[in-house]
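What follows is a single structure, written as structure tokens, with notes after it.
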Amino acid sequence: MSDHLKSGSDLRIAIIGAGTMGNGIAQICALAGLPVTLVDISTSALERGLATLSGNLERQVKKGLIGEADKQAALARIQSDTHYAVLAGASLVIEAATENLDLKRQILGRIDEAVEPGTLVASNTSSLSISELASALSNPERFIGLHFFNPVPVMTLVEVIRGLQTSDTTHARALEFAEHIGKTAVSVRNSPGFVVNRVLCPMINEAIFVLQEGLASAQDIDIGMQLGCNHPIGPLALADLIGLDTLLAILETFHRDFGDPKYRPATLLKEMVAAGYLGRKSGRGFHVHA
């Protein structure tokens, strides 16, 4: 396998998906001095992602977290394209598409056809099996999970998930990458939801059951968990931030893969997703967002 990831200056990152997670990962990589190529299915999707990224950088400038020169340098490091052929020069490709197994496998197959033999490939999946996703690649030893948390520029954690086939070299280089972009990495074994979401999502689901049963309002449930458990954000507000559709997909994965009824999604969650109440990204979830 190539030594691409041994030197930070040699890193060339490609990200598939310009949505919330993809543009966030692109932002932190560019700020860390790495050239980034952002790939999505359409020019309009790329334009939306880049506009969000630019706006996030501007907010960092206004808060004094970075300088204007840092912002401009980061934006200059980011290219965008709709063709997978641009992946040929990448040392690490991160898939950051919607949490759908078939879609991710399709994308990984296209990545596999486009990249060089030594390129590392990662998925930002929050719940799907790394071992199962790896089967879409001709060389599953170079595949690993890199689970970033939303919002990516703010949250410092990355879960590094080894599949059954992941090599020690791939794991070591993934840890080096996380360190280079200023994240704290924890290594976890492949299992539905890994560690953080395995604990977090059932807790949020229970808060939704509490709301569904009329025990308290959404606001009071959130205040209770903030002041009673010292959480920085309430579980229902956090669900809105994550996206109710994403939360539902994770819980459905748990329910299917563990076969345990304790992971069944609350009926209210399913109804809200069906109604298009997805949280912050739609303007309405358990709370209303301007």
Side-chain angles (χ1 to χ4, degrees), residues 12-26 29 36-50 79-148 150 152 159-167 170 174 177 190-194 197 242-257 273 278 281:
R12 300 188 66 84
I13 311 302
I15 300 162
I16 310 298
T20 300
M21 299 305 293
N23 68 60
I25 297 168
C29 289
V36 180
T37 301
L38 199 55
V39 178
D40 212 314
I41 58 173
S42 68
T43 301
S44 59
L46 289 168
E47 289 174 348
R48 287 193 299 271
L50 290 170
Q79 298 180 335
S80 62
D81 210 300
T82 58
H83 299 98
Y84 279 60
V86 297
L87 305 182
S91 44
L92 168 64
V93 179
I94 302 172
E95 171 274 311
T98 303
E99 195 74 352
N100 177 284
L101 178 62
D102 292 338
L103 175 63
K104 286 182 180 289
R105 283 179 54 84
Q106 178 185 353
I107 290 171
L108 290 170
R110 293 184 65 187
I111 292 171
D112 192 55
E113 294 174 354
V115 297
E116 299 172 0
T119 301
L120 266 63
V121 182
S123 175
N124 182 55
T125 180
S126 54
S127 64
L128 299 173
S129 169
I130 298 302
S131 298
E132 186 170 5
L133 289 172
S135 65
L137 302 178
S138 57
N139 180 7
E141 292 184 355
R142 64 173 170 177
F143 185 70
I144 198 162
L146 286 174
H147 178 210
F148 292 83
N150 185 29
V152 179
E159 284 183 313
V160 178
I161 308 104
R162 298 186 64 155
L164 185 64
Q165 309 97 317
T166 305
S167 71
T170 296
F177 165 70
N190 184 52
S191 180
F194 318 126
N197 280 342
I242 293 169
L244 303 195
D245 51 342
T246 300
L247 176 64
L248 178 59
I250 294 170
L251 288 166
E252 288 176 336
T253 297
F254 287 1
H255 195 203
R256 181 189 69 238
D257 291 356
V273 171
L278 307 181
K281 60 188 172 185

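We're numbering straight along the sequence, starting at 1.
Counting non-hydrogen atoms of neighbouring residues, nucleotides and ligands closer than 6.0 angstrom, the CD1 atom of I41 reaches no more than 12 such neighbours.
Between R110 and Y84 the shortest heavy-atom distance is NH2-CD1, 3.2 Å. Between V36 and C29 the shortest heavy-atom distance is CG2-CB, 3.6 Å. Looking at every heavy atom in both residues, G22 comes nearest to L38 through O-CD1, 4.0 Å. Taking both residues in full, the closest heavy atoms of A136 and L108 are given as CB-CB, 4.0 Å, listed atom of the first, atom of the second, then distance. Nearest heavy-atom pair, F194 versus E159, reported as atom, atom and distance to 0.1 Å: CB-OE1, 3.7 Å. Scanning all heavy atoms of the two residues, the minimum distance from S123 to F143 falls at CB-CZ, 3.7 Å.
A salt bridge is defined here as a Lys NZ or Arg NE, NH1 or NH2 lying under 4.0 Å from an Asp or Glu carboxylate O, and R48 with D40 fails to meet this definition. Salt bridge D112/R105: absent, no basic N to carboxylate O contact under 4.0 Å.
Q79 places no side-chain N or O within donor-acceptor distance of the main-chain N or O of D81, the cut-off being under 3.5 Å. The backbone N or O of K104 sits nowhere less than 3.5 Å from a side-chain atom of E95 that would complete a donor-acceptor pair. Side-chain atoms of N23 come within 3.5 Å of backbone atoms of A18 as a donor-acceptor pair (strictly under, hydrogens ignored). Of the possible polar contacts, one joining the T119 side chain to the A90 backbone as a donor-acceptor pair under 3.5 Å is found. No donor-acceptor pair closer than 3.5 Å links the side chain of R162 to the backbone N or O of T170.
Proximity of S131 to Q165: side-chain heavy atoms (C-beta onward) are separated by under 4.5 Å at one or more points. Taking the side chain as every heavy atom from C-beta outward, T246 and K281 approach each other to under 4.5 Å.
Rounding to the nearest 0.5 Å places CG of L103 at 4.0 Å from CD1 of I107. In this structure, the separation between OG1 on T37 and CZ on R12 is 6.5 Å, given to the nearest 0.5 Å. In this structure, CG on D245 lies 10.0 Å from CD1 on I250, to the nearest 0.5 angstrom. Here the straight-line distance linking atom CG of D102 with atom CG of L128 works out to 10.0 Å at 0.5 Å rounding. A distance of 12.5 Å separates CD1 of I16 from CG of N124, quoted to the nearest 0.5 Å. Atom CD1 in I15 sits 5.5 Å away from atom CD1 in I25 (nearest 0.5 Å).
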Take V93 and L120, measure what side chain to side chain contact (heavy atoms under 4.5 Å, CB included) needs, and give me the verdict at the end. CA-CA 6 Å; V93 179; L120 266 63; over 6 Å; no
I13 and F177: CA distance, side-chain angles, deciding distance, side chain to side chain contact (heavy atoms under 4.5 Å, CB included) verdict
CA-CA 10 Å; I13 311 302; F177 165 70; 3.8 Å; yes
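Across L101, L133, L146, a single residue satisfies side-chain contact (heavy atoms from CB on, under 4.5 Å) together with T125, and that is L133. Tested against S129 for a side chain to side chain donor-acceptor pair (under 3.5 Å), the candidates N190, D257, T253 yield a single pass: N190.
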